[in-house]
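For ligands, and for the atoms within them, numbers begin at 1 and follow the listed sequence. The residues of the chain are indexed from 1 along the displayed sequence. Side chains are part of it too, since the values below use all heavy atoms of this structure and drop only hydrogens, waters and symmetry mates.
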Amino acid sequence: MDSGSWLLTPEFMKSIVINGGRQLSGEVSISGAKNAALPIIAASLLCEGEHRIANVPSLVDVKTLTKILRNMGVTVELADHSAVIDSTKLANPEAPYDLVRTMRASVLVLGPLVARFGKARVSLPGGCAIGARPVNLHIMGLEKMGATIAIEHGYIEANAERLKGARIYFDIVTVTGTENLMMAAALADGVTILENAAREPEVIDLAHALIQMGAKIEGAGTDVIRITGVEKLRPMNYRVLPDRIETGTFVIAAAITNGSVIIRDCAPQHLDALLAKVAESGAEITLGEGTIRIVGSETIKPVNVKTLPHPGFPTDMQAQIMSLMCLAQGTSVINETIFENRFTHVAELRRMGADIVIEGGSAIVKGVPKLLGAPVMATDLRASASLILAGLAAEGQTVISRIYHLDRGYENIEGKLSALGADIKRV
Ligand code: UD1
């Protein structure tokens, strides 16, 4: 999502410059998961007291959420990959447009606020680069739990005496929707059953954090989650799981440069779909306890990919695997089923010599013998990563502009890639 305020900052002016063609080798360590840290930080709104969260990635999205919390009167200390949060003095249960528009996941404060304070005012996120992404299911769920919700002046205004347990069926699998309602249900009166719930590892991580806070949750990781509301929760002391999307991005970085990389501090069990596809493309993958060793192959075989809710292939890895397929010996079809407009990287990859045709929700990628460095523009978070990957493999220099998207979701990506031997810098 683009936000006008970025246009005025020095970050907007920055680019990443890559001189491609270096084989990556060495070891890289993975940061905490953005998509788990965000809901877990939001969960700290559910009760007073001092929450301690470890392995928090240093990312713009995390900072945006902490700004939203501080704006409500919450104390947040972020240091050395940990967060200490105390919402005892929360005075103003509101998330303003200026902050929400830069990050859709801000809507994660809605469930906890209504559950604890009986009211919340959260800006509607609006559209973003990868599609309309409505929040109707979050709203529907809270209404089923007895909240009164009005959309006024671009804000979701929610009120409830005390939320009541309900049976809620999602007709589309939604990750943050499942998380929002799981948090709300933790303090509701009675039992809530979420059906067709998201099964992402980040949903499970949030459930573990909530359970540590005293919530009663069964079935997280399956498509039916049962939450028995409790009167009160207690502060958590929790460590966020490793980021599977960052991990997957490094897996592809090794494969696309025909490199040899050991990825540490990761959770290989969360990457089955991606690792199966990368192995099918010819790379050699060896799993260890919290590690993945990947050795690229001289020739890349084409593989077809269809994005699906977890445990299917993640939409957040679609752009990156497309970069790999650009160099495959043959044609692959990449079908995006989660977001309707998540192909903005295609035009940029084409500028680097890729042969890609879009037909509806599918990209038909005909492998080319090589990509050529070019000036390109990042359009969203994962699209930025795909351009970096293409740049690592391309002949010559790639200059990626609008890299502020990258800092939303990758911690020090250029530092980590440089340490693996890439010629990459931020200018
Ligand atoms: C989360 C992830 C994001 C990932 C996405 C899909 C976070 C912070 N972000 O986003 O990185 O790409 O899951 O894996 O965890 N939908 C509706 N109505 C709703 C909610 C969603 O129609 O109320 C639709 C969306 O438009 C989309 C699909 O459901 O087509 C899945 O979206 P969802 O899982 O909600 O994505 P997010 O939770 O926003």
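- In the vicinity of Ile172, heavy-atom distances shorter than 4.0 Å reach the ligand 1 atoms 22 (O), 28 (C), 29 (O).
- Between Val173 and ligand 1 there is a heavy-atom distance shorter than 4.0 Å.
- For the atom pair OG1 of Thr249 and CD1 of Ile388, the computed distance is 9.5 Å after rounding to the nearest 0.5 Å.
- A side-chain donor from one of Ser87 and Arg116 sits under 3.5 Å from a side-chain acceptor of the other.
- With 3.5 Å as the limit, one finds no donor-acceptor pair spanning the side chains of Asp86 and Thr75.
- Using a 4.0 Å cut-off between a side-chain N of Lys or Arg and a carboxylate O of Asp or Glu, Asp316 and Arg342 qualify as a salt bridge.
- Shown in contact with Ile338 at under 4.0 Å from a heavy atom are these atoms of ligand 1, numbered in order with element: 27 (C), 30 (O), 31 (C).
- Which parts of ligand 1 touch Val135 is read off a 4.0 Å heavy-atom cut-off, strictly below it: atoms 19 (C), 23 (O).
- Inclusion of Leu137 in the set of residues having an N or O under 3.5 Å from an N or O of ligand 1 is warranted.
- Polar contact check, Lys34 against ligand 1: no nitrogen or oxygen pair lies under 3.5 Å apart.
- By the 3.5 Å distance cut-off applied to N or O atoms, Glu340 is not counted among the residues near ligand 1.
- Contact atoms of ligand 1 toward His138: 23 (O) (distance under 4.0 Å to a heavy atom of the residue).
- Defined by atom type and a distance below 3.5 Å, a donor-acceptor pair is present between the side-chain atoms of Lys416 and Ser31.
- Residues Glu336 and Ser362 bring no donor and acceptor atom of their side chains to less than 3.5 Å of each other.
- Residue nearest to atom 11 (O) of ligand 1, selected from Asp316, Thr307, Asn180, Thr337: Asp316 (by heavy-atom distance).
- Each of Leu241, Asp243, Asn55 was checked for a side chain to side chain contact (heavy atoms under 4.5 Å, CB included) with Ile30, and the lone residue meeting it is Asp243.
- The NE2 atom of His51 sits 11.0 Å away from the CG atom of Asn237 when rounded to the nearest 0.5 Å.
- Nearest residue to atom 16 (N) of ligand 1 from Pro134, Ala37, Ala33 is Pro134 (criterion: closest heavy atom).
- In terms of polar-atom proximity, defined here as any N/O pair under 3.5 Å, Leu38 makes no such contact with ligand 1.
- The shortest N or O to N or O distance between Thr176 and ligand 1 is below 3.5 Å.
- Side-chain contact annotation: His310 with Glu202, donor-acceptor N/O pair under 3.5 Å absent.
- The closest non-hydrogen atom to atom 13 (O) of ligand 1, taken over Ile245, Val175, Asp380, Thr178, comes from Val175.
- Annotation for ligand 1: atoms under 4.0 Å from non-hydrogen atoms of Thr315 are 6 (C), 12 (O), 14 (O).
- For a threshold of 3.5 Å applied to N or O pairs, the pair formed by Ala105 and ligand 1 contains no separation below that value.
- With a 4.0 Å heavy-atom cut-off, ligand 1 is reached by the backbone of Asn136 and by its side chain too.
- The distance criterion of under 3.5 Å between nitrogen or oxygen atoms is met by Asn35 with respect to ligand 1.
- Here the rule is side-chain hydrogen bond (donor to acceptor under 3.5 Å, both in side chains) with Tyr410, and of Lys34, Arg382, His405 only Arg382 fits it.
- Proximity of a side-chain donor or acceptor of Thr337 to a complementary backbone N or O of Thr307 within less than 3.5 Å is detected.
- The ligand atoms of ligand 1 that sit less than 4.0 angstrom from a heavy atom of Arg342 are 12 (O).
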